[in-house]
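As structure tokens, the structure follows; a few thoughts come after it.
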Amino acid sequence: MNYSSVARKITAILFLTHSLGSAGFIAANTINTIVGAQLSGTPASAGVPSFIYQIGSALSAYVWGRAMDRIGRRGGIVLGLIVSVVGSGIAAIAVAAHSFLFFLVGMVLMGAGRAAIDLGRFAAAEIHPPAQRA
């Protein structure tokens, strides 16, 4: 397998994980405001889950970058996917249990996972020579 085919394979895998992850996050964010309003009991809190999600993403991006320097991009992305799955599981259980606080915990973890997955874009760029990077 030559360099070009390896680069295409890695790029395809990163594209697939980013696409599926983004689709899941978009679907979740579509209903976050509705769930937030219902679980909190007040329409004024409808935007809190999306805010917490963004805070989780913003605060963890630096941490993911440092972690990926140590464990590699692949390990960081896989760990980010795991964090996202755990976060979405917590959020789903929180909805079933009608717990606004635990729903927010799930949102923080989902946001943190999203940051790791977004850093996969740099992994895709790093495998190509500078002249081929977009």
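- Residue pairs meeting the side-chain hydrogen bond (donor to acceptor under 3.5 Å, both in side chains) criterion with at least one member in residues 70-88, sequence neighbours excluded, are Arg73-Glu126.
- Cluster annotation: Ile52 and Ile34 are assigned to distinct hydrophobic clusters (Ile/Leu/Val/Met/Phe/Trp/Tyr, side-chain heavy-atom contacts under 4.5 Å, transitive).
- Side-chain contact between Leu14 and Ile77: present, with at least one pair of heavy atoms (C-beta onward) separated by less than 4.5 Å.
- One hydrophobic cluster, built from ILVMFWY side chains closer than 4.5 Å, cannot hold both Leu79 and Ile13; they sit in different ones.
- The side-chain hydrogen bond (donor to acceptor under 3.5 Å, both in side chains) contacts involving residues 46-56 comprise nothing, where partners must be two or more places apart or lie in separate chains.
- Within the structure, the side-chain hydrogen bond (donor to acceptor under 3.5 Å, both in side chains) test picks out the following pairs touching residues 96-117 (sequence neighbours left out): Arg114-Asp118.
- Shown here are the side-chain hydrogen bond (donor to acceptor under 3.5 Å, both in side chains) partners of Thr11, two or more places apart in sequence or in another chain: His128.
- Other residues sharing the hydrophobic cluster of Val63, ordered by chain and number and joined by side-chain separations under 4.5 Å: none, the residue standing alone.
- Connection of Leu20 to Ile10 is not established within any shared hydrophobic cluster, with ILVMFWY side chains joined at heavy-atom distances below 4.5 Å, either directly or through further cluster members.
- Here the CD1-CD1 distance, from Ile26 to Ile31, works out to 13.5 Å after rounding to the nearest 0.5 Å.
- Within the model, atoms CE of Met107 and CZ of Phe100 stand 10.5 Å from one another, a figure rounded to the nearest 0.5 Å.
- A search for side chain to side chain contact (heavy atoms under 4.5 Å, CB included) contacts involving Ala115 returns Ser57, Ser60, Ala61, Trp64, not counting sequence neighbours.
- Take Ala92 and apply the side chain to side chain contact (heavy atoms under 4.5 Å, CB included) test, not counting sequence neighbours, and it matches no residue.
- Val85 pairs by the side chain to side chain contact (heavy atoms under 4.5 Å, CB included) definition with nothing, not counting sequence neighbours.
- Under the rule for a side chain to side chain contact (heavy atoms under 4.5 Å, CB included), Ile93 has no partner lying at least two apart in sequence or in another chain.
- Both Ile55 and Leu104 are part of a single hydrophobic cluster, where members link through side-chain heavy atoms under 4.5 Å apart.
- Applying the side-chain hydrogen bond (donor to acceptor under 3.5 Å, both in side chains) test to Asn32 and every residue at least two apart in sequence or in another chain returns Asn29.
- Pairing each heavy atom of Phe25 with each of Ile117, the nearest pair is CE1-CD1, 3.8 Å.
- Put simply, Phe103 and Phe51 are part of the same group of oily side chains (I, L, V, M, F, W, Y) that touch within less than 4.5 Å, one to the next.
- Interatomic distance, CZ of Arg8 versus CZ of Phe15, reported as 16.0 Å (0.5 Å rounding).
- Counting only residues at least two apart or on different chains, no salt bridge (Lys or Arg N to Asp or Glu O under 4.0 Å) pair has a member in residues 82-100.
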